[in-house]
Amino acid sequence: MGLDSIRVNNTMTGQKEPLKPLTPGKIGIYVCGPTVYSFIHIGNARTFCSFDVIVRYLRYCGFDVKYVRNYTDVDDKIINASRVVGRWTRDGKDSLLLEADGSGTFEGKKVKWNTDGASLTLVGVDAEPLKYPMKLEGGQMMLEPVGAPLQLSRQTPEMSAVELSARFVREFETDVAALHLLPPDVTPKVSEHMPEIVAIIEKLVAKDIAYASKGDVYFQVSKYPQYAKLSKRNLEDMQAGERVSVGEQKREPLDFALWKAAKPGEPSWDSPWGKGRPGWHIECSAMSSKYLGDTFDMHGGALDLIFPHHENEIAQSEAASGKTLCNCWMHAGFLDLEGAKMSKSLGNVVRLRDALEKVDAEALRYFFLSTHYRSPIAFNDKSLADAEARLEYFYETLKKVDERLAGKEAGAGPTHGEPGKWLKQFEEAMDDDFNFAGALSAVSGLFAAMNELTDKPPVKDKALVARTLHALRGMVGSVSGVLGLFEEPPAAWLLRRRDRQVKTKGIDPTRVETLIAARTTARAEKNFQEADRVRGELKTLGVEIMDTPGGTTWKVTA
RNA sequence: GGCGCCAUAGCCAAGUGGUAAGGCAAAGGUCUGCAAAACCUUCAUUCCCCGGUUCGAAUCCGGGUGGCGCCUCCA
């Protein structure tokens, strides 16, 4: 562990490389944050959680980390969504209601919706999602299903894109706090960095690498020979499949927009090319250089950002500065749902917020960490239940150990065995490209050792046992800070989990307590037959009881 | 079509040249009035298939087969 032993897989080279900070002891890391047009889903959560642990570990190793994660709050998706949110009537009757949170109703049926600006997709009306070509004009919405077109009239004021994105920044922060993500050091927003964005585009235009065209500005890919070095694509092959969308003013098909001229009614900012807004990608170039400099240490995101997003960022930034953008590119793997990637067109997106109603946030976090960050991970009920059961084991252990150690000084002296080996194993796994699963294996050893010492001490010397237990408990604190797990008081976590299970299963806690009292009485009278009968009755309710030195406790069976 | 990833026990999942972590499930045991929890033991001569390199390969190379991702917005 430490400042020189970390190795990281770099997408640029496809290899694990020693982490060599630009400035010894310091790390600048930029992670592409959310486009805030909706709630985040569990796939987003997995990526952000991975980088949260990576940053925590770098700090644990002693690095002075500057962690930047942006909000893309100016974007087509936000504008598109804001333009359709509201209540719409057809022939004077309520027809369509689209809420900002993605829910709604259509012709009396509950739906989920999304839009790309040219069509409206409704999920939940039929078995298959309905995708209607859509036109918006002066408070009217024309939907064109096969057959007769529908004309809808807006009844509520249009929501501004600013209002929509501001809301989802707040929702994001709420969601992510539930997952115990630490706030980054800087969370820049596109809307607050227009001067920086315009400046970098001007620089590219001045260098004749970008060109203005009818209010748009495009990056000319052919003027940046290293294009596609991250994704390792062949430009000729790409051009064969490329198509130019209607209305775009590109010179060459691969060119991409740095600045887009505003259409009427759209939010816009002033620029040398007229009113408009930044294209996707340029905001990250502008904001990363502002907060981390032209060259920085690490840049993260999920796999799908490799192309085109990170490729374009590299082209823009490096063409503008003449320097290498970033030394190490890190990409997180996808979360799969029932064997497939989540996608809106399939209507199988699971929001983080919805997932957290069914599974404990920390269990979800544990689930994310059970697989290497670059590997795909399959989201399913069994894995989540396993994760939650495992967390129960960890917290039960901590509760027991904390009770044992309460109010006792550790004292000086030797410890039994080698308690430090688990932490060493943990660090070695984390050093090796942040091997979460490997690290968790060491955590298992740590907990097994604590349980052994409390339940079946291998030595009689009580002071020795206590010292060893203290040492192990301290190490749990260390791994806890890195993994973002076991951060709650054990009793509180266990009780909260039981409360949720009690609600889901419809168990009456008062009745459980009454039965337990009856059994305690029976046991005191040595009426074991009756005691076992009560145990059986509790079991049919889904309740398991445990006789402990402190009395009888209970839990809900899985 | 182009680029890339993956394939390890019933299940999940580490392991990139030196003889298969960890978890779940299962079986036996210790403890317990009985249980539960916890702990101990057992559980892959073998890593999709076929070749090759090597003293030695799950790990490297070639060829298959199967699954997935990106190439259009996507974490």
Side-chain angles (χ1 to χ4, degrees), chain A residues 11 14-16 31-35 37 40-51 75-77 80 114 116-117 228 231-243 245 280 300-309 311 331-336 339-345 349 366-367 370-372 374-378 380 382-383 385-387 389-390 392-393 396-397 400 425 429 432 435-445 447-458 523 526-529 531-532 535-536 538-539 544-548 552-555 557:
Chain A
T11 308
Q15 292 184 324
K16 271 186 211 169
V31 173
C32 288
T35 299
Y37 64 105
I40 57 163
H41 60 240
I42 50 180
N44 297 303
R46 194 260 176 129
T47 299
F48 295 131
C49 199
S50 296
F51 286 103
D75 181 88
D76 287 347
K77 289 192 289 295
N80 291 337
N114 65 79
D116 59 7
S231 57
K232 294 159 188 71
R233 285 158 203 273
N234 178 313
L235 294 189
E236 287 165 20
D237 291 332
M238 286 173 59
Q239 279 169 342
E242 193 73 23
R243 53 181 185 274
S245 312
W280 185 39
L303 268 181
D304 54 345
L305 295 182
I306 294 174
F307 189 91
H309 187 241
E311 201 66 75
H331 292 96
F334 277 127
L335 180 147
D336 295 332
K341 178 190 169 181
M342 281 188 292
S343 92
K344 288 205 167 155
S345 51
V349 174
Y366 180 85
F367 163 72
S370 65
T371 303
H372 188 98
R374 283 189 287 112
S375 300
I377 186 168
N380 58 63
K382 185 184 180 296
S383 297
D386 285 353
R390 190 67 184 150
E392 182 184 26
Y393 163 82
E396 288 282 9
T397 304
K400 189 167 64 184
Q425 190 186 323
D432 184 14
N435 186 344
F436 300 163
L440 248 21
S441 156
V443 173
S444 287
F447 278 76
M450 288 194 295
N451 272 125
E452 184 190 13
L453 286 166
T454 43
D455 289 4
K456 311 248 167 158
R523 286 184 76 213
K526 304 265 182 207
N527 185 352
F528 294 122
Q529 204 179 353
D532 289 347
R535 176 198 290 286
L538 282 161
K539 195 162 189 174
E544 195 115 56
I545 53 177
M546 285 87 61
D547 294 325
T548 72
T552 301
T553 61
W554 60 281
K555 65 173 190 170
T557 50

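Below, all heavy atoms of this structure are taken into account, side chains as well, without hydrogens, waters or symmetry copies. All of these numbers come straight from a predicted model, not from anything done at the bench.
- Within the 4.0 Å cut-off from OP1 or OP2 of B/rG22, not a single side-chain nitrogen or oxygen of A/Tyr366 is found.
- With P as the reference atom, B/rU16 and B/rA7 are 12 Å apart, rounded to whole Å.
- Across every non-hydrogen atom of A/Phe528 and A/Arg523, the tightest pair is CE2-O, 4.3 Å.
- Rounded to the nearest 0.5 angstrom, A/Ile40 CD1 and A/Thr35 OG1 are separated by 12.5 Å.
- Between the C1' atoms of B/rC48 and B/rA37, the separation comes to 40 Å (whole Å).
- Among the protein residues, A/Ser375 comes within range of the sugar-phosphate backbone only, with heavy atoms under 4.0 Å from sugar or phosphate atoms but none that close to a base.
- Nucleotide B/rA9: unpaired (no Watson-Crick or G-U wobble partner with both distances less than 3.5 Å).
- Among the nucleotides B/rA14, B/rA75, B/rA35, the one closest to the side chain of A/Ala437 is B/rA14.
- Comparing atom distances between the A/Lys555 side chain and each of B/rA36, B/rG2, B/rA35 picks out B/rA36 as nearest.
- Base pairing analysis places B/rU45 opposite nothing; no Watson-Crick or G-U wobble pair with both distances below 3.5 Å involves it.
- The A/Lys400 side chain lies nearest to B/rA38 when the options are B/rA38, B/rU30, B/rA75.
- In this entry the distance linking CG of A/Asp386 with C1' of B/rC24 reads 5 Å, nearest Å.
- In the set B/rC71, B/rU16, B/rA13, B/rC71 carries the atom at the smallest distance from any side-chain atom of A/Arg233.
- A distance of about 41 Å separates the P atoms of B/rG33 and B/rU45, rounded to the whole Å.
- One P atom belongs to B/rA20, the other to B/rU42, and the distance between them is 15 Å to the nearest Å.
- Pairing each heavy atom of A/Ala332 with each of A/Phe51, the nearest pair is CB-CE1, 4.3 Å.
- Remark: B/rC39 base-pairs with B/rG29; criterion is Watson-Crick or G-U wobble with both hydrogen-bond distances under 3.5 Å.
- Listed nucleotides: B/rG33, B/rC31, B/rA14. Nearest to the side chain of A/Asp547: B/rG33.
- Rounded to whole Å, the P atom of B/rA25 lies 35 Å from the corresponding atom of B/rG66.
- Atom CG of A/Leu303 and atom P of B/rC6 are 11 Å apart (whole Å).
- In terms of position along RNA chain B, the nucleotide closest to A/Pro376 lies nearer the 5' end than the nucleotide closest to the other residue of the pair A/Pro376 and A/Gly333.
- Following rounding to the nearest Å, A/Leu305 (CG) and B/rU72 (P) show an atom-to-atom distance of 14 Å.
- Here the side chain of A/Arg46 pairs a donor or acceptor atom with the backbone of A/Gly333 at under 3.5 angstrom.
- When each of B/rA14, B/rC3, B/rA38 is scored by its nearest atom to the side-chain atoms of A/Tyr393, the top-ranked nucleotide is B/rA38.
- Distances from the side chain of A/Asp532 to the nucleotides B/rA13, B/rA75, B/rC34 place B/rC34 closest.
- The nucleotide whose nearest atom lies closest to any side-chain atom of A/Ala448 is, among B/rC3, B/rC39, B/rA21, B/rC39.
- Across all strands shown, B/rC68 forms a Watson-Crick or G-U wobble pair with B/rG4, both key distances being under 3.5 Å.
- The interatomic distance linking A/Asn435 (CG) with B/rG15 (P) rounds to 4 Å, in whole Å.
- Across all their heavy atoms, A/Ala302 and A/His331 have their closest contact at O-CD2, 3.4 Å.
- For A/Asn451, a side-chain nitrogen or oxygen approaches OP1 or OP2 of B/rC39 to under 4.0 Å.
- The pair A/Arg390-A/Asp386 fails the salt-bridge criterion, with no side-chain N (NZ, NE, NH1 or NH2) lying under 4.0 Å from an Asp/Glu carboxylate O.
- Straight-line distance between the C1' atoms of B/rG10 and B/rA27: roughly 14 Å, to the nearest whole Å.
- Among the heavy atoms of the strands lying under 4.0 Å from A/Lys456 is at least one base atom, whether or not backbone atoms are also near.
- The side chain of A/Asp432 sits closest to B/rU16 out of B/rC70, B/rU16, B/rA38.
- Distance check on atom P: B/rC24 versus B/rU65 gives 39 Å, rounded to whole Å.
- Checking the phosphate oxygens (OP1, OP2) of B/rA36, no side-chain nitrogen or oxygen of A/Thr552 falls inside 4.0 Å.
- Atom CD of A/Glu392 is separated from atom C1' of B/rA36 by 11 Å (rounded to the nearest Å).
- A/His309 comes within contact range of no nucleotide atom at all, as no heavy-atom separation falls under 4.0 Å.
- The same atom, C1', is picked in B/rG2 and in B/rA57; the two are 32 Å apart, to the nearest Å.
- Among the atoms of the strands shown, base atoms are found under 4.0 Å from some heavy atom of A/Ile545.
- Both distances falling under 3.5 Å, in either a Watson-Crick or a G-U wobble arrangement, occur for no nucleotide opposite B/rA58.
- Considering every non-hydrogen atom in both A/Ala378 and A/Phe367, the closest pair reads O-CZ, 3.2 Å.
- Among the atoms of the strands shown, none is found under 4.0 Å from any heavy atom of A/Ser383.
- Separating the CE atom of A/Met450 from the C1' atom of B/rA37 is a distance of 15 Å, rounded to the nearest angstrom.
- Between A/Ser370 and A/Ala449, the residue anchored nearer the 5' end of RNA chain B, judged by the nucleotide with its closest heavy atom, is A/Ser370.
- Surrounding NZ of A/Lys232 are more than 12 heavy atoms belonging to other residues, nucleotides or ligands, all under 6.0 Å away.
- Atom CG of A/Leu335 and atom P of B/rA75 are 13 Å apart (whole Å).
- Within 4.0 Å (heavy atoms only), A/Arg523 reaches at least one base atom of the nucleic acid.
- Nearest to the side chain of A/His372, among B/rA14, B/rA36, B/rC39, sits B/rA14.
- Put simply, the side chain of A/Arg535 and the base of B/rC34 share a donor and an acceptor less than 3.5 Å apart.
- Look at A/Arg390 and you'll find a side-chain N or O under 4.0 angstrom from OP1 or OP2 of B/rC24.
- Using cut-offs of 30° and 60° for the angle between ring planes, the A/Phe447 and A/Tyr393 rings count as tilted.
- Atom CG of A/Asn44 is separated from atom C1' of B/rC73 by 13 Å (rounded to the nearest Å).
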